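Owing to the predicted nature of the structure, the values given are computational and were not obtained by experimental measurement.
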Amino acid sequence: MSLARRQDRVTPSLAAAALACVAPADAYELQSVLRAQGPVARDIAVLSWVMFGSAAVILVVVMALTLYAVFAPSERWRRIEGERLVFWGGAVFPVLALSGLLVYAINVGTLPRVEPALRIAVTGKQFWWEVRYPDSDPARAIVSANEIHLPVGQLVEISVRTTDVLHSFWVPNFAGKIDMIPGRVNVLRLQADKPGVYRGQCAEYCGAQHARMAFHVVAQPPAEFEAWRLRERLPAREPADPSLRLGRAAFLTAGCGACHAIRGTEARGDVGPDLTHLGGRRFLAAGTLKNDVGGLIAWIADSQGLKPGNPMPSFQQLDGETLHALALYLASLR
Ligand code: CUA
């Protein structure tokens, strides 16, 4: 049977099975700009309400004047119309109001002159996020994907870039959007008030799977964050369990290492996400699926059915036992 025929037959059932693995919305806080978290988001929320309130007041005044012009006796209206109204209402008031709002908005948008406690570099790719924690000692640097861990109560600076097309980095609960522009590095700061998992997403149309380009911010108490960071620095351990060893062998022989790296093995690919600690992440494929053995099987076998056009091919040539072992091995990488 040709590969195309086989795909026709296999894909619908796998896609249906994978529906059970779809990333559940109750696994993270409600994603909303109105649930402002931390000082940066609160400043933006206050700015929004001030803008909204000012616009509402101006609208009410303009509407009242309009109604007055329509319904008031003309000799009364004549008393306020004319050059004075145009000068004060049409020139002086807008200049003062808009200048005041402009100065306030620029002030809110200016980065504070304090050293951030932590710097994280995020790169947008079609259609996922590479997350790096740089360190002066390269051996202590961390590379992960689609999940950003940060300590609660500390100012974090995130520098964003892209290696392909325009994307936009947005965690509505924490801060405004910032574009990822080819050839440029943009910087945004955020700070979490309380622990939790917050959803972010790409906010600039970047191709067929723009809608499935999400990520999660995991805000943790500082001690917990440090423990996570220490764990992430370690290479993957060689498993003793026979089925995990089978999975590891399958990973290395099926060609996964051409695109993915698992530190501690010979897999060094840098096209797709680093999988050294994949099992510790909450979601797969940039927020598309729950990260568990079922989700991993669905993704490996039918990544093109689940997220058509993403760079990872569907590995439908793997037999059931190998596929299961591979998923078990990847889930064990914590
Ligand atoms: Cu990346 Cu839209």
Contacts of type side-chain hydrogen bond (donor to acceptor under 3.5 Å, both in side chains), residue Trp228, not counting sequence neighbours: His149, Glu232

Nearest heavy-atom neighbours spanning Asn173 and Ser32: OD1-N, 3.1 Å

Is it possible for you to say whether [X] and [Y] belong to one hydrophobic cluster, with membership spreading through side-chain heavy-atom contacts below 4.5 Å?
X      : Y      : result
Ile297 : Phe315 : yes
Val160 : Trp129 : yes
Met213 : Met312 : no

So, does [X] use its side chain to make a donor-acceptor pair with the main chain of [Y] at under 3.5 Å?
X      : Y      : result
Thr265 : Ala267 : yes
Thr162 : Pro182 : no
Arg245 : Pro239 : yes

Heavy-atom side-chain contact between [X] and [Y] under 4.5 Å:
X      : Y      : answer
Arg282 : Glu147 : yes
Val131 : Asn146 : no
Ile148 : His216 : no
Glu266 : Leu252 : yes
Tyr133 : Leu118 : yes
Lys125 : Val271 : no
Val61  : Leu59  : no
Glu130 : Thr163 : no

Any pair counted as ring-ring contact (aromatic ring centres under 6.0 Å, His included), so long as it reaches residues 171-196, sequence neighbours left out: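 Residue pairs passing ring-ring contact (aromatic ring centres under 6.0 Å, His included), neighbours aside: Phe174-Tyr198.
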
Glu321 atom CD: more than 12 heavy-atom contacts under 6.0 Å: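 Result for CD/Glu321: open.
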
Parallel, tilted or perpendicular: rings of His260 and Phe251 (30°, 60°):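 Phe251 and His260: tilted rings.
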
Verdict with reasoning, Gln201 to Gln31, per side-chain contact (heavy atoms from CB on, under 4.5 Å): CA-CA 10 Å; Gln201 66 183 63; Gln31 178 187 325; 2.8 Å; yes

Proximity of Phe215 and Phe283 rings by center, below 6.0 Å: no

Chi angles and distances behind the side-chain contact (heavy atoms from CB on, under 4.5 Å) call for Ser303, Asn310: CA-CA 8 Å; Ser303 60; Asn310 93 86; 4.0 Å; yes

Test of understanding: with salt bridge (Lys or Arg N to Asp or Glu O under 4.0 Å), list the residues that count as partners of [X], not counting sequence neighbours.
X      : result
Arg263 : none
Asp164 : none
Arg199 : none

Ser144 and its side chain to side chain donor-acceptor pair (under 3.5 Å) partner, picked from Arg281, Arg132, His277: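 For Ser144, the side chain to side chain donor-acceptor pair (under 3.5 Å) check succeeds only for Arg281.
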
Members sharing Val46's hydrophobic cluster (side chains within less than 4.5 Å):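 Same cluster as Val46: Leu47, Val50, Met51, Leu101, Tyr104, Val108.
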
Separation of Leu278 CG from Leu284 CG (nearest 0.5 Å): 6.0 Å

Spacing of Ile262 atom CD1 and Leu330 atom CG [to the nearest 0.5 Å]: 6.0 Å

Trace of the side-chain contact (heavy atoms from CB on, under 4.5 Å) decision for Cys206 with Phe127: CA-CA 8 Å; Cys206 54; Phe127 302 92; 3.9 Å; yes

Check against side-chain contact (heavy atoms from CB on, under 4.5 Å), Arg233 and Arg229: CA-CA 6 Å; Arg233 280 180 190 146; Arg229 183 144 77 160; 3.8 Å; yes

Pair Asp319-Thr322, side chain to side chain donor-acceptor pair (under 3.5 Å): steps then yes or no: CA-CA 5 Å; Asp319 64 73; Thr322 310; 2.8 Å; yes

